[in-house]
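In listed order, ligands and their atoms are each counted from 1.
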Amino acid sequence: MAPMPDAPKRPCCICRCWFRPDPRIGSRQRACGKPECQTACRRKKQQAWRQRHPDYFIARRIQDRAKEDRRPEPLRLPLPLSQLPWDIAQDQFGVQGADFIGALGTLLLRAAQSQFEAYVPDTAGLPDTLPTPTAQSQTRPVRESVRVGTGNEAGVSSTGSAL
Ligand SMILES: [Zn+2]
């Protein structure tokens, strides 16, 4: 058997030093033989793959959680999504359904936030039509505007007896 021709030397994708690829791997070897370069190169490839397939990891996480014997805690989601009763979502849609809705909400929230960050508002040119919320109005207790009990103001009985 003829010996394999040596692959030409090439620069390591991490440390840039020139190395001769392992003939069994050939041109697919992108990092030199140093363990730290091998690890860094593997991590770089995984990261690139993850960026190209974001749905894979969301799907895997949802499927793993649905496989657990006991019902997992609802996903910990950022505000304002965390204000929703996710245990009810789990009851109604199942663990997978609730996780999917949570993942959907998180994606939309991130997209909205990145839009918001890209937009720098020019507040100087805006007409002042909206009341500016003040600290006072935020701390003021909410008054009950609906009176319960008498039911006579509009001639409607609160008991609803129309008979
Ligand atoms: Zn290297």
Lys/Arg-Asp/Glu bridge criterion (N-O < 4.0 Å) met for D64, K67: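 Yes, charged N to carboxylate O under 4.0 Å.
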Distance in Å, F93 CZ paired with W86 CH2, rounded so as to fall on 0.5 Å steps: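 Going from the CZ atom of F93 to the CH2 atom of W86 covers 9.0 Å.
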Shortest non-hydrogen separation from P21 to G26 and the atoms involved: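 The answer is CB-O, 3.3 Å.
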Output yes if [X] passes the N/O/S-under-2.8 Å test against the Zn ion (ligand 1); output no otherwise.
X   : value
C32 : yes
C12 : yes
C13 : no

Side-chain heavy atoms of I14 within contact of K34, under 4.5 Å: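 Side-chain contact under 4.5 Å: no.
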